[in-house]
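Below: the structure, in structure tokens.
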There are 2 protein chains.
Amino acid sequence: MEYSDKKTQLLIASDQYLNRLGIKTLLSVVGVESDLKETNNLEELIDLLKNGKDPDYLILSDRILSYPQKKCLENLRKQCPTCKLMVIGGETMCRCDCEKFISYSCDQKEMLEQFQNFFLEPKSLAINVESSILSEREIEVLKAIALGLANKEIADRLYISIHTVISHRKNITSKLGIKSISGLTVYALLNSLIHADEVK
Amino acid sequence: MEYSDKKTQLLIASDQYLNRLGIKTLLSVVGVESDLKETNNLEELIDLLKNGKDPDYLILSDRILSYPQKKCLENLRKQCPTCKLMVIGGETMCRCDCEKFISYSCDQKEMLEQFQNFFLEPKSLAINVESSILSEREIEVLKAIALGLANKEIADRLYISIHTVISHRKNITSKLGIKSISGLTVYALLNSLIHADEVK
DNA sequence: TTATCAATCCCTATAATTAATGATTTTACA
DNA sequence: TGTAAAATCATTAATTATAGGGATTGATAA
């Protein structure tokens with residue numbers, strides 16, 4: 001039921017230009033012809049999805065997703081319920097609600113196969129994933145922990161008592177199941193709560 | 001003084017296929033014609049430099065460098081003292097001994113300019129940078145800290161007393177000037193001492 | 001053959017974090 | 001309007017980490 005005079009609509013969202021360029025080259029290798037749009041940030045992506053018509057395919061890097069990634073993806077899904085979604089991510093990217101997940105570490109052969117499959121396979125049903133459970137305040141505290149602040153410093157920064165900080169910490173560790181500061185730091189990094197160069 | 005029948009030798013080293021593909025596409029956009037080799041890991045890169053003749057240009061991603069990055073780059077330099085070196089890295093990559101440093105976050109325009117300049121500008125002199133100062137044992141302890149282990153656990157793992165661990169820790173923090181666990185974790189991540197998915 | 005450095009160990013005292021429990025106030029939602 | 005969750009503060013005890021000191025051994029380079 002396709003109109004042969006209507007090209008496939010494809011949208012690429014990745015923060016890195018070299019990545020987008022690689023993806024585009026790969027698309028031409030695979031033989032996908034499309035009306036192609038691209039963006040390097042989440043805001044513009046959301047704008048494009050809101051104001052334009054739904055693309056047929058959306059290829060995005062996990063690095064442009066905001067925290068929490070799962071929630072962010074869910075919201076994107078709502079913006080384009082009919083499109084096929086491919087997420088390219090690092091080893092630690094949570095497997096999420098998308099038709100195709102590809103790791104950045106895939107070699108040429110695998111990457112080619114995955115891309116070919118993506119455009120051949122029928123659209124799958126969305127998988128429901130539960131989203132993040134941290135409250136706003138807990139996220140603030142988590143950020144501060146990951147930045148290397150001590151409880152007292154966090155208390156001063158957020159204008160609360162150190163007891164409250166400790167309470168939040170307890171809730172964070174029990175909710176996430178991550179007990180060590182390093183673990184929390186990595187979590188915060190992976191979820192773009194902080195940037196590596198902010199840490200003291 | 002170039003032989004017109006001899007193509008430029010160029011070597012691309014990046015862990016990610018999409019990156020290499022993007023770089024190659026960019027090279028053809030810029031109009032660089034070359035004998036091109038590529039690799040996705042450090043070992044193969046070193047092999048290529050040892051066994052083949054020196055390339056004219058070496059483009060590498062900071063992600064394939066082993067710890068410490070500066071030392072690793074110095075060693076690579078010795079392997080190919082005459083080649084022009086471009087390093088593409090993240091925001092937190094240390095500015096290092098190379099002719100051209102490009103951030104992954106550069107947009108199309110800047111990336112194009114930087115690539116064009118790289119192949120036009122004359123080779124600069126190497127900058128001497130001091131290398132890492134951590135001892136082997138200190139690196140072991142740092143790894144363990146970044147993985148989220150407590151002093152006691154580190155002691156058990158390394159078969160030393162907790163006092164020794166504390167001593168090493170003191171030396172590490174004073175050498176690096178990084179006091180917080182999060183800071184040390186980020187340092188370990190950036191220097192590929194650990195991987196994010198190993199952290200507990 | 002001295003220095004130097006890495007690696008190991010120890011002590012004391014203070015600071016910081018965690019565990020276990022509990023309580024109050026505000027906010028959001030059904 | 002009642003309930004649940006979030007955000008706040010608190011106490012006590014136990015555990016861990018940090019900041020100062022030192023000390024010994026073995027390897028290695030000047």
Side-chain angles (χ1 to χ4, degrees), chain A residues 67-68 70-71 74-75 78 130-188 191 193-194 199-200, chain B residues 67-68 70-71 74 130-188 191 193-194 199-200:
Chain A
Y67 180 84
K70 283 184 179 179
K71 195 81 190 171
E74 278 177 47
N75 291 334
K78 286 175 198 157
E130 86 277 35
S131 57
S132 158
I133 16 70
L134 289 192
S135 71
E136 278 184 36
R137 208 57 167 164
E138 284 162 351
I139 289 174
E140 284 308 306
V141 173
L142 174 55
K143 281 185 189 175
I145 295 171
L147 291 179
L149 302 183
N151 288 342
K152 180 69 178 58
E153 294 174 301
I154 300 174
D156 290 344
R157 167 182 287 211
L158 299 182
Y159 305 109
I160 53 180
S161 95
I162 193 171
H163 305 293
T164 311
V165 175
I166 294 172
S167 283
H168 287 312
R169 261 186 111 133
K170 277 185 289 194
N171 292 332
I172 293 166
T173 51
S174 84
K175 279 182 177 178
L176 297 182
I178 301 172
K179 299 188 82 174
S180 69
I181 296 180
S182 356
L184 295 173
T185 305
V186 172
Y187 180 89
N191 289 284
L193 292 180
I194 59 161
V199 182
K200 46 168 227 175
Chain B
Y67 179 84
K70 284 185 178 179
K71 195 82 191 169
E74 278 178 46
E130 87 274 38
S131 55
S132 159
I133 16 69
L134 289 191
S135 72
E136 279 185 35
R137 208 55 167 165
E138 285 162 352
I139 290 174
E140 285 308 305
V141 173
L142 174 56
K143 280 184 189 177
I145 295 171
L147 292 179
L149 302 183
N151 287 341
K152 181 68 177 60
E153 294 174 302
I154 300 174
D156 290 345
R157 168 182 287 211
L158 299 182
Y159 304 109
I160 54 181
S161 97
I162 193 171
H163 305 291
T164 312
V165 175
I166 293 172
S167 283
H168 286 313
R169 262 186 110 134
K170 278 187 285 194
N171 292 331
I172 292 167
T173 51
S174 84
K175 279 183 177 178
L176 297 182
I178 301 173
K179 299 188 82 173
S180 69
I181 296 179
S182 356
L184 295 172
T185 306
V186 171
Y187 180 89
N191 289 285
L193 292 179
I194 58 161
V199 182
K200 45 167 229 177

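Each chain gets a letter, A, B and so on, in the order its sequence line appears, and its residues count up from 1.
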Rounding to an integer number of Å, can you tell me how far [X] [atom1] sits from [N] [atom2]?
X	N	atom1	atom2	result
A:Glu136	D:dA7	CD	C1'	12 Å
B:Ile154	C:dT8	CD1	C1'	16 Å
A:Leu158	D:dT8	CG	P	8 Å
A:Glu153	C:dA16	CD	C1'	11 Å
B:Leu134	C:dA7	CG	C1'	14 Å
A:His163	D:dA10	NE2	C1'	6 Å

Quick test: give all pairs of protein nitrogen or oxygen and nucleotides 3-5 of chain C nitrogen or oxygen below 3.5 Å, distance rounded to 0.1 Å.
none

Taking side chain to side chain donor-acceptor pair (under 3.5 Å) as the definition, give me every residue that meets it alongside [X], ordered by chain and number, with sequence neighbours left out.
X	answer
A:Arg137	none
B:Glu138	B:Ser135, B:Lys175
A:Asn171	none

Q.
With a cut-off of less than 4.0 Å, is there a side-chain N or O of A:Ser161 near OP1 or OP2 of D:dC9?
A. yes
Q.
Can you tell me if B:His168 touches the phosphate of C:dA7, counting only side-chain N or O atoms and a distance under 4.0 Å to OP1 or OP2?
A.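 No, B:His168 has no side-chain N/O under 4.0 Å of OP1/OP2 on C:dA7.
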All N/O contacts under 3.5 Å from nucleotides 17-21 of chain D to the protein, with atom names and distances to one decimal?
unit_1, atom_1, unit_2, atom_2, d
D:dA17, OP2, B:Asn151, N, 3.3
D:dT18, OP2, B:Arg169, NE, 3.2
D:dA19, OP1, B:Lys179, NZ, 2.9
D:dG20, O6, B:Lys170, NZ, 2.6
D:dG21, O6, B:Lys170, NZ, 3.2

Holding to side chain to side chain contact (heavy atoms under 4.5 Å, CB included), I want the full list of residues that pass it with [X], two or more places apart in sequence or in another chain.
X	value
A:Ala150	A:Glu153
A:Ala155	A:Ile162, A:Val165
B:Thr164	B:Ile160, B:Ser161, B:His168
B:Lys170	B:Ile166

Just the atom pairs and distances: protein N or O near nucleotides 23-28 of chain D's N or O, under 3.5 Å.
none

Q. Can you pull the side chain to side chain donor-acceptor pair (under 3.5 Å) pairs that have at least one residue in residues 176-185 of chain A, sequence neighbours excluded?
A. none
Q. Between the two end axes of the helix from C:dT1-D:dA30 to C:dA30-D:dT1, each built from 5 base pairs, what angle do you get to the nearest 10°?
A. 50°
Q. Taking all non-hydrogen atoms of both residues, which atom of A:Ala146 and which atom of A:Leu184 are closest, and how far apart?
A.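 Smallest interatomic distance, heavy atoms only, reads CB-O, 4.4 Å.
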Q | Heavy-atom pair of closest approach, residues B:Ile145 and B:Ile181 | A | CG2-CG2, 4.3 Å
**Q.** B:Leu142 and B:Leu176, any side-chain heavy atoms less than 4.5 Å apart
**A.**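 Yes, close enough: below the 4.5 Å cut-off.
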Q.
Both A:Thr164 and A:Lys175 contact DNA chain D. Which one's nearest nucleotide lies toward the 5' end?
A.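 Its nucleotide being nearer the 5' end, the pick is A:Lys175.
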